[in-house]
Number of protein chains: 2
Amino acid sequence: MQRVPPNPAVQRLSLYLRRLEQLAADGTETVSSNQLAASLHRTAAQVRKDLGYFGQFGRPGVGYRVGALMEALRHALGTDRTWEAVVVGVGDLGRALLRFKGFPTRGFQFVGAFDISAAKIGKQFGPVRVQHIDEMPAVVRRHDVRLAVLAVPPEAAQDVADRVCAAGVRGILNFAPSPIDVPPRVAVCPVDLAASLEQLSFQVSAMR
Amino acid sequence: MQRVPPNPAVQRLSLYLRRLEQLAADGTETVSSNQLAASLHRTAAQVRKDLGYFGQFGRPGVGYRVGALMEALRHALGTDRTWEAVVVGVGDLGRALLRFKGFPTRGFQFVGAFDISAAKIGKQFGPVRVQHIDEMPAVVRRHDVRLAVLAVPPEAAQDVADRVCAAGVRGILNFAPSPIDVPPRVAVCPVDLAASLEQLSFQVSAMR
DNA sequence: TTTTGTGAATAGCTTCACAGCA
DNA sequence: TGCTGTGAAGCTATTCACAAAA
């Protein structure tokens, strides 16, 4: 079996998982690398190679069992368990994320939401009530929270990052458009929404 | 000068631009590839190579003029003009995007928001009032809108994509976790928030 | 000296193509 | 035959390293 999955392959695992969820919902039991690839605008070789980094899940002449492959990919991604998470910054975006149904259905559960604004504290959004950010470390420790979602203004991002890292968080989803410095044991996934629109702007401008 | 920028380089342009905006706000006039790289956890060679795909902006021994480089990058990305955009799907996420300040400050302006739910139609969110999706094509044509943001449930994504493409939109920011088929002249940028958390889950699981 | 711009070298990722299993 | 798993080949992206400019 092959080793050390390239990062792009790990990203595509989520893509495959999404499609498998649909197939399972449709009652499909088996899928070939060709079918999976076609519906995602990829090549069959890439699908097989990507899956090959994590194990041997297919049967020659048959394909992959949808349910078993979903389980295997969830295991590979680490989402075959529930991940507790906190949101810091309860502006419009933070509120939307707290109510977003795609997180709980995929095993991510918010156990706390924090802000500095007195006007927001005590309000209920989605599954949690907003608390002052000073309460964050206690909540993180109590629930053994490993993930934090940062939806704060860029000028607060580094300070908030320092605080969630100090509290013991191991991964940060960063919606602030400024890179944050974290200890090496903490993973960061930046999501810059304006940058995504800029990429579209570039592509649209480039086409003629 | 070098040609055909690799896609990763185009993505990093947004990153450089973000940092330059900060530097400009701080009153910094000049920056070297080394300084730029260090603050973004990249290498100086990569910064110079990336910028090199779009022109020669630096002065040996001096570095880059912050203001001039910002202008150049905005021009390269196509954001040295205003882009009109519409939002389809005014759930929590759609509302948050309509009110998100990072879009207008970077030249993206919402001129319409659409939904099918009668309860939402007529309500004001951010800069616009929600209209029925049947009104979308007229608004797109009237304002010559080139970009659409899809914040609809996955089962509606393909149908909505077909409709915005038919209306003449040229780029789609797709928040639905299902890939959409579009004509070749239309660019798509997928944003899968659950997938981003899955990537964190993977990385955190992988570290010991 | 400092720092850019860029060919050349290296590393990383994707596609090919085919042996082997069902 | 149909399809997987995977080495080998091909391609893309990053890093190196240095000539030239300020």
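Order of the sequence lines sets the chain letters (A, B, ...), proteins ahead of strands, with each chain counted from 1.
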Atom pair distance, as rounded to whole Å: [atom1] in [X] and [atom2] in [N]:
{"X": "B/F57", "N": "C/dT6", "atom1": "CZ", "atom2": "P", "result": "11 Å"}
{"X": "A/R42", "N": "C/dC13", "atom1": "CZ", "atom2": "C1'", "result": "13 Å"}
{"X": "B/F54", "N": "C/dG5", "atom1": "CZ", "atom2": "P", "result": "14 Å"}
{"X": "B/Y64", "N": "C/dT2", "atom1": "OH", "atom2": "C1'", "result": "13 Å"}

Next on the checklist: Checking B/R95 now: which residues fulfil salt bridge (charged side-chain N to carboxylate O under 4.0 Å, His left out) with it, not counting sequence neighbours?
Outcome noted: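 For B/R95 the salt bridge (charged side-chain N to carboxylate O under 4.0 Å, His left out) partners, ignoring immediate neighbours, are B/D92.
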In a table with atom names and distances, give each donor-acceptor pair under 3.5 Å that connects a side chain of residues 63-74 of chain A to protein atoms at least two apart or in another chain.
from, atom 1, to, atom 2, distance (Å)
A/R65, NH2, A/E29, OE1, 3.3

Next on the checklist: Going by side chain to side chain donor-acceptor pair (under 3.5 Å), name the pairs with one or both residues in residues 145-162 of chain A, residues two or more places apart or in two chains.
Outcome noted: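 Applying side chain to side chain donor-acceptor pair (under 3.5 Å) to every pair that reaches into residues 145-162 of chain A, excluding sequence neighbours, yields A/Q158-A/D162.
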Item to check | Partner set under side-chain hydrogen bond (donor to acceptor under 3.5 Å, both in side chains) for B/S205, not counting sequence neighbours | outcome: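 For B/S205 there are no side-chain hydrogen bond (donor to acceptor under 3.5 Å, both in side chains) partners, ignoring immediate neighbours.
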Next on the checklist: I'd like to check the ring-ring contact (aromatic ring centres under 6.0 Å, His included) partners of B/F110; sequence neighbours left out, ordered by chain and number.
Outcome noted: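 For B/F110, the residues satisfying ring-ring contact (aromatic ring centres under 6.0 Å, His included) (neighbours in sequence not counted) are B/F103.
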Side-chain donor-acceptor pairs of residues 4-23 of chain B under 3.5 Å, sequence neighbours excluded:
from, atom 1, to, atom 2, distance (Å)
B/R12, NE, B/D50, OD2, 2.6
B/R12, NH2, B/D50, OD1, 3.1
B/R12, NH2, B/D50, OD2, 3.3
B/S14, OG, A/E198, OE1, 2.6
B/S14, OG, A/Q199, NE2, 3.2
B/Y16, OH, B/D50, OD2, 2.6
B/R18, NE, A/D192, OD2, 3.3
B/R18, NH1, A/E198, OE2, 3.4
B/R18, NH1, B/E21, OE2, 3.2
B/R18, NH2, A/E198, OE1, 2.7
B/R18, NH2, A/E198, OE2, 2.9
B/R19, NE, B/S39, OG, 2.8
B/R19, NH1, B/Q22, OE1, 2.7
B/E21, OE1, B/R106, NE, 3.2
B/E21, OE1, B/R106, NH2, 3.1
B/E21, OE2, B/R106, NE, 3.3

Checklist entry - Step by step, would you call A/R170 with A/D144 a salt bridge (Lys or Arg N to Asp or Glu O under 4.0 Å)? => result CA-CA 10 Å; A/R170 302 290 309 278; A/D144 193 27; over 6 Å; no
Checklist outcome for this item: Nucleotide by nucleotide, nucleotides 10-18 of chain D touches protein heavy atoms under 4.0 Å in the pattern (B base, S sugar-phosphate only, - none) ---SBBBB-
Checklist entry - Got a sec, which pairs hit salt bridge (charged side-chain N to carboxylate O under 4.0 Å, His left out) with one end in residues 171-181 of chain B, sequence neighbours left out? => result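 Listed by first then second residue: nothing to list.
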Item to check | Residue-level proximity of residues 26-41 of chain B to DNA chain D when a heavy atom falls under 4.0 Å | outcome: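 By residue number: none to list.
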Checklist entry - Distance check: side-chain N/O of A/Q56 vs OP1/OP2 of D/dT6, anything under 4.0 Å? => result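 True: A/Q56 side-chain N/O within range (under 4.0 Å) of D/dT6 OP1/OP2.
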